[in-house]
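Fair warning: this is a prediction, and the values are worked out from it, not measured in the lab. We name chains A, B, ... by the order of the sequence lines, and we start the count at 1 in each one.
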There are 2 protein chains.
Amino acid sequence: MTKQKIATRRPLSSARVLQAAVALADEAGLDAFSMRGLAQELGVVPMALYKHVANKDELLDGMVDIVFSEIELPPGDLDWRPAMRRRAISTREALKRHGWAIGMMESRHPGPANLRNHNAVMGCLRKAGFPFEMAVHAYSVQDAYIYGFALQEKDLAFETPDSAGEAAQGRAETIGALDDYPYLVEITTKLPESGYDSAVEFAWGLDLILDGLDRLRHTGAAPA
Amino acid sequence: MTKQKIATRRPLSSARVLQAAVALADEAGLDAFSMRGLAQELGVVPMALYKHVANKDELLDGMVDIVFSEIELPPGDLDWRPAMRRRAISTREALKRHGWAIGMMESRHPGPANLRNHNAVMGCLRKAGFPFEMAVHAYSVQDAYIYGFALQEKDLAFETPDSAGEAAQGRAETIGALDDYPYLVEITTKLPESGYDSAVEFAWGLDLILDGLDRLRHTGAAPA
DNA sequence: TTGACAAGTGTACACCGTACACTTATAGTT
DNA sequence: AACTATAAGTGTACGGTGTACACTTGTCAA
């Protein structure tokens, strides 16, 4: 009983802090995520965290890199199109698990998993024969779509019926007549009964983009 | 001199507060944007703001709607494709002016300009003959791309040479060898000399997407 | 002139990130 | 086994935040 005294208070470590931080941000959201709250979750006084992470900023850097580490790299044994499809879907799933990370994925000091990911994606395209400029274009459209979709998916929580009602309520308050917005009404009425599934919606747009890239794959030309 | 006493301290109003708030957020960024700072900018004590806005949350709602109000609606006299192109480019420009708004455009209580915008975009597609599900798809891809591109454009500030050097520095610190990331190196070396322009990059991806939509315009089918 | 109501003020509270000095626990050397 | 260097965890304190609440000031109607 010298080595392992008690299980209730095994010592901290930057890895353990990072892991707990991600878990807390997942369930509490980014606004409610604080150093004090994290310390409490770990059964420790706030300042104890600073022995393992420099400050909150660096902690967030590490958290984002954890998210990157959960993203599947484009499989090397696949052709570029299915490889991109796989990694895109994996990215969306990771961002769905960690909604707090969406706005920070590219804005923080890049960690190793970040670099590995970007390098692998760019490498996959280049090895598949994409000329440099075309690979940059391909990367840009894809990631913009992926991050943008994740952002909207997080924000637009109008899939649940209660929040939809609440949203309609809010609209009725701020604006007098919602007859002025017939096409919004159409969405709120038709969308729920259309069996909308955000995963297939994501795949639809993704395939559209990959289609376009396949078509322009070798030509240096612009679309249209 | 009864009506207009002095120009230096004309009375506040929610419009004036909102306008000053947008200006302050534009130049200071969202993190540095505080009620106290805004009050100081208006030459007034912090609590004075609360006579014109309920709280910071509602203030942010109003600020976002101002950004929406700056976005050009799809011109009714154009065909859907150029109309969408115009409104997409206008959206990106507005988000470039107000980078702080990018993550909030769809996450706040929608204001009138928000509703007008969404209604007009959806209406443009429907009037052009897009079946409902297809219009939803078209809307989803476009906005995901627009917001995602704006997000990356804000984050990746690697266009300036100094910050690129700094970023490379940071990479060299956290990771030993950056020879492990040959395709990232290729980007940092080739991209600056390739005359990269974010506006044309945006248009490239946008046209790719509009192309795909035009192709699938009438078929209810999924891409590829 | 007076009285009502809006606009602006001042103080105070709970929360945040974290600097700094302190105490406790652990591990390596004699 | 005793001592000591170093790491791990603590407590207090400071300047920042949003904002509740009671107060004073300004402005117009009667």
Side-chain angles (χ1 to χ4, degrees), chain A residues 1-25 27-64 100-101 103-104 107-109, chain B residues 1-25 27-64 100-101 103-104 107-109:
Chain A
M1 75 179 60
T2 57
K3 291 280 178 64
Q4 306 164 348
K5 303 191 70 165
I6 358 173
T8 64
R9 185 77 78 90
R10 118 187 88 107
L12 254 46
S13 69
S14 44
R16 219 162 81 80
V17 171
L18 238 52
Q19 182 179 331
V22 169
L24 180 57
E27 68 186 35
L30 193 56
D31 288 347
F33 170 79
S34 69
M35 297 298 274
R36 292 172 136 97
L38 175 57
Q40 184 166 351
E41 203 77 12
L42 287 163
V44 103
V45 94
M47 287 309 293
L49 303 173
Y50 289 85
K51 285 288 185 326
H52 301 96
V53 295
N55 48 46
K56 191 179 186 180
D57 242 48
E58 196 180 85
L59 175 61
L60 290 173
D61 289 348
M63 292 165 66
V64 165
W100 48 268
M104 300 196 296
S107 67
R108 319 225 116 242
H109 290 146
Chain B
M1 72 180 57
T2 58
K3 291 280 177 65
Q4 307 164 347
K5 301 191 70 167
I6 0 174
T8 63
R9 184 76 78 89
R10 114 188 91 109
L12 253 46
S13 70
S14 45
R16 221 162 79 82
V17 170
L18 239 54
Q19 181 178 331
V22 169
L24 181 56
E27 67 186 37
L30 193 57
D31 289 348
F33 172 78
S34 69
M35 298 297 274
R36 291 171 137 95
L38 175 57
Q40 184 166 351
E41 204 75 14
L42 287 163
V44 103
V45 93
M47 286 310 293
L49 303 173
Y50 289 85
K51 284 288 189 308
H52 301 96
V53 296
N55 48 44
K56 191 180 186 180
D57 242 48
E58 197 181 85
L59 175 61
L60 289 173
D61 289 348
M63 290 166 67
V64 166
W100 48 268
M104 300 195 297
S107 68
R108 319 226 116 243
H109 290 144

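Partners of A:A101 under the side chain to side chain contact (heavy atoms under 4.5 Å, CB included) rule, at least two apart in sequence or in another chain, are A:V67, A:H98, A:M105. Scored by the side chain to side chain contact (heavy atoms under 4.5 Å, CB included) test, A:Q40 finds no partners at all (sequence neighbours excluded). Partners of B:A32 according to the side chain to side chain contact (heavy atoms under 4.5 Å, CB included) rule, which considers only residues two or more places apart in sequence or in another chain, are B:A28. By the side chain to side chain contact (heavy atoms under 4.5 Å, CB included) test, A:S107 is found to be paired with A:M104, B:D155, residues two or more places apart in sequence or in another chain being considered.
Judged by atom type and distance alone, B:R36 does not reach the base of D:dG16 through any side-chain donor-acceptor pair under 3.5 Å.
Look at CG on A:L30: it is 14 Å from C1' on C:dG17, rounded to the nearest Å. In this entry the distance linking CG of A:L49 with P of C:dC20 reads 18 Å, nearest Å. Across the protein-nucleic acid pair, A:Q40 atom CD and C:dC16 atom P stand 9 Å apart, rounded to whole Å. For A:K51 and C:dT24, the NZ to P distance is 15 Å, given to the nearest whole Å.
In the set C:dT18, D:dT10, D:dT19, C:dT18 carries the atom at the smallest distance from any side-chain atom of A:Y50. Of the candidates D:dT10, C:dT18, D:dT17, the closest approach to any side-chain atom of A:M35 belongs to C:dT18. For B:M47, taking side-chain heavy atoms from C-beta onward, the closest of the listed nucleotides D:dG18, C:dG10, C:dG17 is C:dG10.
Within residues 54-64 of chain A, the residues having any heavy atom under 4.0 Å from DNA chain C are, by residue number, A:N55, A:K56.
Atom CG of A:N55 sits about 11.5 Å away from atom CG of A:L49, to the nearest 0.5 Å.
At the phosphate of C:dA6, neither OP1 nor OP2 sits under 4.0 Å from any side-chain N or O atom of B:H52.
The salt bridge (Lys or Arg N to Asp or Glu O under 4.0 Å) analysis of residues 49-59 of chain A, with sequence neighbours excluded, yields the pairs A:D57-A:R108.
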